[in-house]
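Per chain, numbering begins at 1; letters A, B, ... match sequence-line order. Just so it is clear, the structure is predicted and the values come from calculations on it, not from any experiment.
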Amino acid sequence: MNLKHLYHEMSECEIPYHEMMQVNDLLEHMGIDPGAVSIVLVNEELCTESKLLNDNDVVKLYPVFCGG
Amino acid sequence: MAYGYMGKILNVDLSTSKVEVTTFDEEFMRKYYGGKGFIAHVLLNELPQNTEPLSEDNILIFATGLLTGMPIAGVPRFVVGAKSPLTGGFGQSEAGGFWGPELKKAGYDAVVVRGKSKKPVYLAIDDDQVTIKDGKSIWGLETGEAQDMIQKELGSKYYRVLQIGPGGENLVRYACILNNLKHANGRNGLGAVMGSKNLRAIAVLGSKNIEVADPEGLKAIGKDFLSYYMDNPLTRGLYEYGTNGTLVNNNVAGILPTKNFINGEFDQADNISAERMNETILTKREGCYACAVRCKRRVEIDRPDLNVNGRYGGPEYETVASFGSLIENGDLEIIAKANELCNRYAIDTISTGMSIAFALEAKENGYFKEYDELDASKPENILKLIEKIAKREGIGEILAEGSYRAAEILGEGAYRFVQTVKGQELAMHDPRGKVGVGLGYALSETGADHMIIGHDTMFNKEGFTLDSMKPLGIDKPVDALSLEEDKVKAFVKLQHWWSFFNMAGICDFVPAPRGSMPIDDLVKLVQAVSGWDVALDEIMKAGERSINMARLFNLREGLTFADDTLPDRLFEGIGNGRKKGTKIDRQAFEKAIKNYYTLAGWDEKGVPTEEKLNELEINIDDIDMSRR
């Protein structure tokens, strides 16, 4: 499941990198409410939104989806 | 008569064929509201201690709530209750669909069934006309055929049919009760209680209006909800993907129940995901009475070798995981067929999948050697096993008892493969990734149940879900793996809030925090329907009251604080994936349970104190508590 249905059809995109960039900055850039993201993977590892990013990192975001 | 209620309870004694209507006053309903509140009141006051659950002395109760049947999203629900044949304790299970609203429109807030019929029967309710009908011709039929026959016999396809299937007839200890062939009161084996009374179905047709105190206020809340509900990502996700939208998330997070909870990651999860279902077998999004969210799925398959009929709905997350990752099956079409079969036979998909997972692990470890159908490499065998369980044939005779009793039959060494609490199999949420769910499993009056609280991931960080919980007094993020006091405090509040949902007929997918309706609006909704000047505090207290009453029932029936625990496996590390090695610390968990007792106003053995019972206006003198 990805965020494209919830956020402007964005399923995959490239974001310009800057020093000390966090996942949070990425969300802000994409206009995504951090509360709407439940899981963050950076290079396939579980992370929080405060994770510092390196250039060319691959970030995957999974929307909040509680219970069921 | 209280607004929102019909003011009548239909009492049916199947031993004497006597049908009687009783009434209740407004004060009574403001105290118990309906659902499990009403059920707890009846069971505590009327059911003799130590009643055998499958005997004619058990009482089977169908209870709607204050909001059931209102013309607004998220309030279609009703609850079935009895002493559970699976746990031996307080049994209750909720369902949505259409039957609850129809019962109210027929003029009744609840149906209470006592005794046992000498021969198979079904009950037909057409407003004030209530008839016990001969059920011989439908006994033994699958649910679809039985529903068709009942509607034909009664002369209208508009009858809403609630029924058991062959599973309940054969007293499978986790037989469920279905309405419209696909909405299940799934848990606790209440279908077996219905079967033990020789009651196959209750068909209802209603034509009355449910009076409310402030119709304009109700309309305004409903209209407002329709203007914003799809802006909420959780609600939008439910519409787009159904409950199975959570499967890939759980897998990525390393907590998807896999291989009987040994593992947390399933390498074929994408094959059974919601996206895959949308792309392949989904034919329609469906919903319950008056609900705009439409989280239900309809799936259809038309292959020469495999046909799935859409009238039985489609698999929800719990079902996909139970017949998928849990038993390492990556074939979505087999899962869809397993769901259909469980609905044809009316057995609980969670406990069925869990019992099969138990048997597969037992086989791997040297038990069940003579049963070739226990073969994890052949997913199609799942379908044979479901049939055998529902019909109690071969290995099905053992597995129909539930995994705990099956282990008892196999011998002591087999208990290590059992994943139950109070005898009920775990739902498809691994507490090793969200420990509040573990507290819920351990403390639920019904045994392992994922439906009694909001899950930890709703309040583990800042965001719109945490914001929405602030009226409950939960305003700071708590780590999903924390068992500290702030987690237990949040758990208590969420437990009371969820308990009220059950009592009032509310689906947790509509109000905050799981849904988009603000908590204040739900309070206004209760006010508009009832006309009572009720505040959130009173609602929470009502939720707490029914939890305490159910607890008293369990203590009376011999359950103790020692039953408030989890299977050993959850105190061991997850076997693979991103959460490999993650476990619940047993000492911290036990401390959290004790902490809960204190916060709940219970003593160190988990018994509600006199002060707490007085505060909740529960009169202990009326209850035989000799086994406390």
Inset, instruction - Give, as side chain, backbone, both or neither, the part of B/Leu466 having an atom under 4.5 angstrom from any heavy atom of chain A. - result: neither

Inset, instruction - Let me know if B/Ala274 has heavy atoms under 4.5 Å from chain A in its side chain, its backbone, both or neither. - result: neither

Legend entry - Flag if over 12 foreign heavy atoms under 6.0 Å of NZ, B/Lys470: yes

Inset, instruction - For the pair B/Asn249 (side chain) and A/Tyr62 (backbone), establish whether a donor and an acceptor sit closer than 3.5 Å, ignoring hydrogens and angles. - result: no

Legend entry - Distance (rounded to the nearest 0.5 Å) between A/Ile39 CD1 and B/Asn250 CG: 7.0 Å

Legend entry - Distance (rounded to the nearest 0.5 Å) between B/Lys461 NZ and A/Ser50 OG: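 Reported value, rounded in 0.5 Å steps: 10.5 Å.
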
Legend entry - Non-hydrogen atoms of A/Val64 and B/Leu234 that approach each other most closely: O-CD2, 3.7 Å

Inset, instruction - Write down the atom of B/Val252, the atom of A/Leu46, and the distance for their closest heavy-atom approach. - result: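 Smallest heavy-atom distance, with atoms named: O-CD2, 4.1 Å.
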
Inset, instruction - Answer with side chain, backbone, both or neither: which region of A/Glu44 has an atom nearer than 4.5 Å to a non-hydrogen atom of chain B? - result: both

Inset, instruction - May I ask you to name which of B/Lys579, B/Arg578, B/Met428 has the most heavy-atom pairs under 4.5 Å with chain A? - result: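 Option with the top pair count is B/Arg578.
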
